[in-house]
Amino acid sequence: MSQSLTLARPYARAAFAASRNDGRAASWSQALAFAAQVAADPRVQSLLSHPRLSNDDAVALLATDGADDELRRFIGLLAENHRLALLPEIAGLFEQLRAEAERIVKARVTAASELPAAELESIRAGLKRRFGREVEIETAVDPSLIGGAVIDAGDVVIDGSLKGKLERLQGALAH
């Protein structure tokens, strides 16, 4: 496990615990995703590590408009402990904790071309039966797959792409 994930984990757990008060996990999720995206920008990274940047200025830069006081204090704590660079890892771990608590499986479906809504719904229903949980699907297009799709649902990857089939056939013929 990378050191940044090790450092980010307790912050993500603390953020998730704080967000569950009054059912604010969804708003914290959005706010952390925004802060992580801003913090990951190379131009912002150099600014965040500048010694003259105050904690209040860092919070103002990273907190969304209308963010609650507890979220602002959380970002301030990260700034105070020089952990703002961990925001992308914290946001990712937060999402994992949220998905687990809400019994949601997040799946990424990458296809050679845009999939029709009915096909995506069929994939969602199949994954829901397989995992016994709600499924959120994110889609992507990769023309190099030639045809078919690759479904990545955490620990489970289903490669039904034509490119994958050709690679498996080539491997079988090589042996």
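Quick note: numbers below take in every heavy atom, side chains included, and nothing from hydrogens, waters or symmetry partners. It should be emphasised that the depicted structure is a prediction, and the values quoted were computed from it without experimental measurement.
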Does [X] reach the side chain of [Y], with side-chain heavy atoms less than 4.5 Å apart?
X: Val44; Y: Leu61; value: yes
X: Leu48; Y: Leu53; value: yes
X: Glu95; Y: Lys106; value: yes
X: Val105; Y: Leu127; value: no
X: Glu102; Y: Glu134; value: no
X: Arg98; Y: Arg20; value: no
X: Leu97; Y: Arg13; value: yes
X: Val156; Y: Ile151; value: no

Can you tell me which residue pairs pass the salt bridge (Lys or Arg N to Asp or Glu O under 4.0 Å) test with a partner in residues 46-60, sequence neighbours excluded?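 Sorted pair list comes back empty.
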
Would a single hydrophobic cluster contain both [Y] and [X], if residues Ile, Leu, Val, Met, Phe, Trp and Tyr are joined by side-chain heavy-atom contacts under 4.5 Å?
X: Leu145; Y: Ile137; value: no
X: Tyr11; Y: Leu93; value: no
X: Phe94; Y: Ile104; value: no
X: Phe34; Y: Leu32; value: yes

In residues 107-126, what donor-acceptor pairs under 3.5 Å come from side-chain atoms, sequence neighbours left out?
unit_1 : atom_1 : unit_2 : atom_2 : d
Arg108 : NH1    : Glu138 : OE2    : 2.2
Glu121 : OE1    : Arg124 : NE     : 3.2
Arg124 : NH1    : Val135 : O      : 3.0

Shortest non-hydrogen contact from [X] to [Y]?
X: Phe16; Y: Ala101; value: CZ-CB, 3.6 Å
X: Ala18; Y: Trp28; value: CB-CH2, 3.9 Å
X: Gly164; Y: Ser161; value: N-OG, 2.9 Å

Side chain to side chain contact (heavy atoms under 4.5 Å, CB included) for Val150 and Asp142? Distances and angles first, verdict last. CA-CA 10 Å; Val150 175; Asp142 181 357; over 6 Å; no

Check against salt bridge (Lys or Arg N to Asp or Glu O under 4.0 Å), Arg168 and Asp159: CA-CA 10 Å; Arg168 287 188 295 276; Asp159 187 349; 3.8 Å; yes

Let me check something: any side-chain donor-acceptor pairs from residues 73-91 under 3.5 Å, sequence neighbours excluded? List them with distances.
unit_1 : atom_1 : unit_2 : atom_2 : d
Asn81  : ND2    : Leu77  : O      : 3.2
Glu89  : OE2    : Ser4   : OG     : 3.4

